[in-house]
Amino acid sequence: MQPNNYDYIKIEQKWQKEWFEEKIYESKKENLKKFFIHFAYPGVSGYLHVGHMRGFTYCDIIARYKRMLGYDVLYPAGFHASGIPSIGFAKKVERKDETTLKDLKNYGVTNEVIKKLSDPSEVVSYFGNVYVEDYWKKFGFLIDYSRIMSTISEGYKKFIQWQFYQLKEKNLLIQKPHFAPFCPNCGPVAVDKSETDILKGGSAEILEFTTIKFKMKDGTILPAATLRPETIFGVTNMWINPNVDHVKAEINGEVWILSKEALEKLTYQTKDVKPLNETISGKDLIGKTCVVPIVDREIPILSGPFADPNVATGIVMSVPAHAPYDWIALVESKADIEALTIIDVKGFGTNPAKEVCDKFEIKSQTETEKLDLATEEVYKKEFHTGYLNENCGIYAGIKISDIKDAVKNELIDNNQAIVMREFSEEVVCRCGGKVLIKQIPDQWFIKYSDEKLTSESKDYSNNMNIFPQEYKDELPGILDWFDDRACIRKGSWLGTDFPFKKGWIIEPISDSTLYPAYYIISKYINENKIKGKDLDNEFFDYVFLGKGKAKDSVWEDIKNDFDYWYPVDINLGGKEHKTVHFPVFLMNHVAIMPNEKRPQGIFVHWWVTQKGKEKISKSKGGVEHINEAATTYGVDAMRLYYAHVGSPFVDIEWDSEAVTKYKNRLASIYKMIGHINKFKDLKDENLDNWLKSKLQRTIKKSIDAFENFDLRVATNEIFFECQKNLQWYIKRGGSNKKILNDFIKTWTKLMTPITPHLSEELWHRDNNEFVSNEKYPIFSEKEIFEKEEVGEYLLSKVTDDISEILKVTKIKPKKICIYISPAWKQDIYKKAIKLAEENKLNVGQIMKDVMSDPKMKALAKQVSQFVSKLPGEIMKLNENDKKRYLIDMKEYNYLKKSIEYLSDIFSCEIDIYSSDDKNVNDPGNKIRFAIPLRPAIYIE
RNA sequence: GCAGGGGUAGCCAAGCCAGGUCAACGGCGACAGACUCAAGAUCUGUUCCUGUAGAGGUUCGGGGGUUCAAAUCCCUUCCCCUGCACCA
């Protein structure tokens with residue numbers, strides 16, 4: 001072994017091989033205390049990037065720490081194969097998507113294998129293998145690989161079906177209408193930012209327009225869709241585009257006139273729609289009238305060329321006092337209509353829309369940019385600070401922010417309006433067709449709105465260990481807000497068949513809520529002790545709920561395992577899970593599992609982003625592949641980077657230079673330790689005790705930090721503070737072989753959870769067992785040496801002060817004189833600190849006290865000067881400082897022993913004096929400045 | 001709209017909950033020195049301003065307040081980011 005050459009790749013491979021051959025990762029029931037940790041399993045969507053490794057790494061660090069603490073650790077993993085991602089990937093392969101094929105080839109995948117990847121289940125098994133072999137094992141994770149599972153395996157599906165029987169039994173499965181994105185050609189599509197299914201419109205939202213029925217004289221309905229139903233009181237006219245041909249249709253037994261596009265949309269949203277094959281030109285409607293519901297006012301229909309047949313119904317109601325678009329249109333139409341004000345709002349007069357148009361100097365309907373700004377301004381002000389005025393009947397005096405739903409509900413209840421759903425922007429399917437919103441009249445939901453379930457979950461979360469605290473505070477609110485979730489869908493998705501409706505599949509969020517429990521079973525499946533097809537409801541009832549009897553001894557074994565390992569102690573996942581996965585994880589456990597099997601903790605970590613805080617994505621240039629990065633930097637360096645570069649609870653920017661620096665730091669630790677063997681064996685009691693003491697402090701601080709899962713603080717102590725201490729020891733001339741060896745032995749253990757490969761390598765210089773299996777160091781009060789800690793503190797202060805003086809004066813020192821403060825000052829300091837502890841510190845009291853000693857009389861002037869400044873100084877001290885002053889350490893003796901060191905670093909003669917000595921040489925008249933732990937200094 | 005997070009020195013990023021150890025961890029960058037034929041790597045030191053004695057001054061988005069003391073607590077204001085459901 002080359003002691004100075006840190007060949008991380010060789011080291012990693014060597015120890016991974018040994019760990020995995022020995023299967024040290026397998027969880028065993030040995031110590032009667034257990035710890036179950038897992039990460040939210042990744043979806044199978046393709047190659048992962050360095051961002052994903054952050055959370056996985058945290059998990060491994062915690063798991064390794066816990067096992068070194070003597071816990072039986074269960075740290076399993078699996079893949080979330082349900083849903084679209086793997087289908088999406090297979091589709092890309094099938095249509096020979098260029099970047100996808102390039103990625104695969106770059107990774108070294110053969111054409112033969114690529115061909116197979118047009119099959120989604122092949123995608124799952126291919127990437128499952130990549131995740132395990134190329135990511136998790138390469139990072140040295142001690143995941144229990146005997147439990148790997150996927151959500152599309154036979155056994156898992158049985159498990160999910162059992163879960164749904166449970167939900168049904170508890171009345172948590174309900175049916176009601178639902179509206180979902182839908183392509184007339186391709187069926188259901190997902191609208192999300194990754195745009196797997198669609199070409200355009202990933203950030204579209206579904207808006208709910210209140211579509212108000214305005215009746216014409218012949219009873220025909222003109223539907224106007226609005227997001228502000230409360231403005232109905234201010235409607236003065238309708239806008240219809242004269243250049244658009246409208247159609248007639250019978251909807252719920254009434255005859256409607258609307259744009260062709262709107263009719264198509266409504267066909268998918270309402271059951272009872274019959275087109276009447278009658279076209280009406282917009283022109284023909286202009287000049288007619290209709291009636292505003294609720295207020296029963298007759299209003300004219302005016303020409304509005306801006307009314308877009310693609311937006312909502314294509315027919316627009318006009319509220320000129322409160323909508324800038326309507327105001328400008330009205331002005332331009334030159335119609336003799338007066339705006340009707342219905343909202344009183346601070347900062348505006350009788351016509352907010354007009355006023356804001358004037359402010360933005362809007363003259364024409366074509367100035368859409370300004371109009372949008374104007375609309376937003378009016379809307380915001382009115383929504384937050386506006387009240388309906390006397391024109392609004394029974395609603396007069398009510399705040400806008402409180403009224404919206406009331407008006408909407410009245411209209412709907414009186415059959416004067418319906419709700420129409422519409423995307424906030426155009427959404428285009430992969431096939432090129434327009435994505436619409438379709439009603440599913442009897443969709444199945446998991447009833448997360450259930451009051452009992454919600455309140456029980458909230459109560460339960462109160463006693464969980466949730467990191468960070470902010471999320472713990474936020475979670476009850478999320479549980480309240482969390483609404484019923486449509487839990488099945490139809491289409492080409494991977495997942496479990498829904499047991500109560502043929503042809504429908506359980507969607508991916510709903511099939512990954514109780515899943516940590518399945519890790520208990522997956523081991524038995526993988527070892528062929530039980531078959532997926534043999535898992536029935538009876539089995540799950542027995543294992544999870546203790547109902548019924550065991551069919552055979554395997555059932556008993558599985559139940560024993562479940563009772564030993566469950567519940568989950570930490571479920572760790574990224575911040576994207578805060579409002580989706582974690583709430584359902586918790587609520588399903590509360591719904592189905594007894595109290596003692598419900599999760600104990602959740603750990604949320606933030607993301608790794610690209611430069612400029614952008615989410616990592618391949619389309620934006622992406623970042624390094626995991627396997628490339630692992631080779632470039634070494635996985636220990638990456639583990640250290642994740643653990644130390646920032647708090648787990650903020651996004652961090654991927655910074656390859658920073659990772660390189662961490663790699664160099666590991667190399668320097670490696671080198672430094674290799675070097676120590678060559679030291680002479682010298683003893684220096686003070687220094688040796690100091691190093692022992694500092695090591696104990698590191699142990700203590702790292703444990704305290706780990707216990708709070710504060711990985712960054714623990715890492716900082718172990719890799720930065722600890723190294724600093726060792727450097728100081730060496731710089732000071734410390735060279736005790738036994739002390740150094742003990743130090744390195746302990747330090748190696750401390751490093752193990754974070755950089756296991758490096759630790760294993762260092763450890764094996766003198767040991768044959770795995771350091772990964774060693775016990776974490778225990779803090780020992782006996783190894784604390786406070787006097788030496790204060791002594792070295794004093795020494796570092798003195799050197800700092802001397803350096804500062806030299807820097808400012810630019811003197812080349814011939815000789816440095818150091819004067820320790822006189823005993824009386826030290827006595828007074830101690831007294832003052834004690835008085836301060838009792839809150840009795842005041843100048844008069846101390847003076848009296850001191851002056852009672854006749855010997856002090858001669859020094860009265862100096863004493864009073866010194867004492868007068870004391871209260872201010874002592875107030876600034878923290879607990880550690882105060883302790884330092886109370887420790888009985890002979891400053892003079894300590895520094896005297898360090899003369900060699902001082903004269904070495906300042907390259908000159910050093911004299912140490914005690915101010916208590918008679919006839920001290922004090923040419924600079926500095927003695928008077930000496931205070932405890934802050935000797936006076938004179939430099940020649 | 002609903003909910004959440006954040007603004008810290010040239011940059012990234014700790015600290016804030018539990019006010020004083022904070023001119024503010026750590027890293028990057030920059031500067032100087034050591035090593036080297038040289039470069040790189042590594043090591044040492046410096047890096048808000050002023051200063052020929054260990055000091056002083058001004059900083060933690062802006063404004064105000066509480067306190068002996070505030071980056072940290074309270075109020076107010078401006079600006080950024082994230083999630084919101086069939087996407088995992």
Side-chain angles (χ1 to χ4, degrees), chain A residues 40-45 80 82-85 88 178 180-181 188-197 202 205-206 227 379-380 383-384 401 404 443 448 468-471 473-474 477-478 481-489 493 507-510 512 574-581 583-584 606-607 609 611 613 615 641 644-647 649-653 655 657-658 660-662 664-665 667-668 671 712-713 715-716 719-721 727 731 797-798 800-811 871-872 875-882 884 924 926 929 934-939:
Chain A
Y41 49 15
V44 183
S45 56
H80 195 194
S82 333
I84 345 177
H178 179 59
V189 292
V191 173
D192 72 315
K193 289 202 178 89
S194 69
E195 302 193 339
T196 313
D197 284 4
E205 287 176 64
I206 295 181
L227 292 167
Y379 181 71
K380 272 201 174 149
F383 183 81
H384 291 287
S401 51
K404 233 183 183 97
Q443 169 71 312
Y448 291 116
Q469 180 64 35
E470 285 82 356
Y471 182 57
D473 298 340
E474 191 188 349
I478 294 172
W481 159 87
F482 208 96
D483 207 352
D484 300 337
R485 185 177 179 93
C487 59
I488 59 171
R489 57 198 186 185
W493 326 76
E507 62 85 34
I509 297 301
S510 305
S512 47
K575 67 174 180 181
E576 71 277 20
H577 296 301
K578 285 203 296 182
T579 51
V580 186
H581 170 244
V584 298
W606 268 235
W607 294 336
T609 60
K611 288 267 182 203
K613 295 275 186 286
K615 194 174 174 178
Y641 167 77
H644 188 259
V645 73
S647 146
F649 313 126
V650 296
D651 289 335
I652 52 173
E653 284 183 15
D655 180 349
E657 282 176 26
T660 307
K661 288 292 157 183
Y662 282 105
N664 294 341
R665 176 168 291 268
S668 90
K671 211 151 81 179
R712 187 182 191 274
V713 172
T715 308
N716 202 51
F719 286 86
F720 292 83
E721 294 303 316
Q727 280 169 335
K731 190 174 165 188
K797 279 286 161 207
V798 170
D800 285 353
D801 280 348
I802 295 172
S803 305
E804 171 92 8
I805 297 166
L806 292 177
K807 185 186 142 202
V808 173
T809 60
K810 303 188 179 78
I811 297 174
M875 198 120 64
K876 282 186 199 156
L877 300 176
N878 63 33
E879 289 312 302
N880 268 344
D881 288 335
K882 286 180 186 164
R884 210 159 12 226
K926 297 288 181 190
F929 294 123
R934 203 77 201 276
I937 295 161
Y938 175 69
I939 301 177

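Numbered from 1 within each chain, the chains take letters A, B, ... in sequence-line order.
- Of the candidate nucleotides B:A14, B:A88, B:A53, B:A88 has the atom lying nearest to any side-chain atom of A:I509.
- Heavy atoms of A:P935 sit under 4.0 angstrom from at least one base atom.
- Of the candidate nucleotides B:G4, B:G5, B:A88, B:G5 has the atom lying nearest to any side-chain atom of A:E470.
- Note on A:K810: nothing from the nucleic acid sits closer than 4.0 angstrom, heavy atoms only.
- Of the listed nucleotides (B:A85, B:C28, B:A13), B:A85 has the atom at the smallest distance from the side chain of A:F482.
- Checking B:C73 for Watson-Crick or G-U wobble geometry (two distances, each under 3.5 Å) identifies B:G65 as its partner.
- Taking the side chain of A:E576 as heavy atoms from C-beta on, and the options B:G26, B:A88, B:U82, the nearest nucleotide is B:A88.
- Comparing the same atom, P, in B:C75 and in B:A24 gives a spacing of 30 Å after rounding to whole Å.
- For B:A30 and B:C22, the C1' atoms lie 24 Å apart once the distance is rounded to whole Å.
- Straight-line distance between the P atoms of B:U58 and B:U8: roughly 22 Å, to the nearest whole Å.
- Between A:Y641 and A:E653 the shortest heavy-atom distance is OH-O, 2.9 Å.
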Please list, pair by pair, any protein nitrogen or oxygen found under 3.5 Å from a nitrogen or oxygen in nucleotides 21-23 of chain B.
from  : atom 1 : to     : atom 2 : distance (Å)
B:U21 : O4'    : A:N878 : ND2    : 3.1
B:U21 : N1     : A:N878 : ND2    : 2.6
B:U21 : O2     : A:N878 : ND2    : 3.2

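- Set against B:A88, B:C25, B:A53, the side chain of A:E721 has B:C25 as its closest nucleotide.
- Phosphate proximity of B:G27 to A:R712: absent, as no side-chain N or O sits under 4.0 Å from OP1 or OP2.
- Comparing atom distances between the A:H80 side chain and each of B:A88, B:A53, B:G54 picks out B:A88 as nearest.
- Taking the P atoms as reference points, B:A55 lies 36 Å from B:A41, given to the whole Å.
- The side chain of A:T579 has B:G83 as its nearest neighbour among B:A88, B:G83, B:A85.
- Residue-level contact check: A:A936 touches the bases, meaning some heavy atom is under 4.0 Å from a base atom.
- When all heavy atoms are compared, the tightest approach of A:H80 to A:S512 is CE1-OG, 3.4 Å.
- Within 4.0 Å (heavy atoms only), A:S512 reaches no atom of the nucleic acid at all.
- Side-chain atoms of A:V650 lie closest to B:A13 of the nucleotides B:G5, B:G54, B:A13.
- Across all strands, A:V584 comes closer than 4.0 Å to no nucleic acid atom at all (heavy-atom distances).
- The pairing partner recorded for B:A34 is B:U42, the criterion being a Watson-Crick or G-U wobble arrangement whose two distances lie under 3.5 angstrom.
- Nearer the 5' end of RNA chain B, as judged by each residue's closest nucleotide, is the contact made by A:F649, out of A:T809 and A:F649.
- Using a 4.0 Å heavy-atom criterion, one finds that A:V713 contacts no nucleic acid atom at all.
- With a cut-off of 3.5 Å on both pairing distances, B:A9 has no Watson-Crick or G-U wobble partner at all.
- Looking at heavy-atom distances under 4.0 Å, A:A486 makes contact with a base.
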Hey, mind stepping through A:D655 and A:K661 against side chain to side chain contact (heavy atoms under 4.5 Å, CB included) and telling me if it holds? CA-CA 10 Å; A:D655 180 349; A:K661 288 292 157 183; over 6 Å; no
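- Rounded to a whole angstrom, the distance from the P atom of B:A69 to that of B:G64 is 16 Å.
- Among the nucleotides B:G54, B:A85, B:C28, the one closest to the side chain of A:E657 is B:C28.
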Please assess A:Y471 against A:K575 for the test side chain to side chain contact (heavy atoms under 4.5 Å, CB included), listing each intermediate value before the final yes or no. CA-CA 10 Å; A:Y471 182 57; A:K575 67 174 180 181; over 6 Å; no
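- Nearest nucleotide to the A:E653 side chain, out of B:G4, B:C12, B:G51: B:C12.
- Across every strand in view, B:G83 sits in a pair with B:C2 that passes the Watson-Crick or G-U test at under 3.5 angstrom.
- Regarding A:Y379, its OH atom lies at a distance of 7 Å from the P atom of B:G1, rounded to whole Å.
- Of the inter-residue distances, the one linking A:T809 atom OG1 with A:E804 atom CD reads 10.0 Å to the nearest 0.5 angstrom.
- Between the C1' atoms of B:U76 and B:A23, the separation comes to 28 Å (whole Å).
- A residue-by-residue look at A:I652 and A:V798 shows that A:I652 has its nearest nucleotide of RNA chain B further toward the 5' end.
- Summarising the base pairing, B:G19 is matched to no nucleotide, lacking a Watson-Crick or G-U wobble pair whose two defining distances lie under 3.5 Å.
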Would you mind building the protein contact string for nucleotides 41-49 of chain B? One character per nucleotide, 5' to 3', B for base within reach (heavy atoms under 4.0 Å), S for sugar-phosphate only, - for untouched. SS----S--
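- Using a 4.0 Å heavy-atom distance criterion, A:L806 is classed as making no nucleic acid contact.
- Whole-Å rounding puts the A:K926 NZ to B:G54 C1' distance at 9 Å.
- Taking each heavy atom of A:W607 and A:E576 in turn, the nearest pair found is NE1-OE1, 2.8 Å.
- Within the nucleic acid shown, A:Y471 has no heavy atom closer than 4.0 Å to any nucleic acid atom.
- A:H581 comes within 4.0 angstrom of nothing in the nucleic acid, heavy atoms only.
- No donor-acceptor pair under 3.5 Å is formed between the side chain of A:Q443 and the backbone N or O of A:C487.
- Nearest heavy-atom pair across A:I652 and A:G646 is CG2-CA, 4.1 Å.
- Going from atom CD1 of A:I939 over to atom CG of A:L806 covers 4.0 Å, rounded to the nearest 0.5 Å.
- Looking at heavy-atom distances under 4.0 Å, A:G83 makes contact with sugar-phosphate atoms alone, never a base.
- Atoms CD and OG, on A:Q727 and A:S668 in that order, are 7.0 Å from each other to the nearest 0.5 Å.
- Residues A:Y662 and A:H644 place their aromatic rings such that the two centres sit under 6.0 Å apart.
- B:C35 and B:C49: their P atoms are spaced 30 Å apart (whole Å).
- Nearest heavy atom pair, residue A:T579 against residue A:F482, reads O-CE1, 3.3 Å.
- Nucleotides B:G57 and B:G63 are separated by 23 Å at their C1' atoms, to the nearest Å.
- Of all heavy-atom pairs between A:R485 and A:I509, the closest is NH2-CG1, 3.1 Å.
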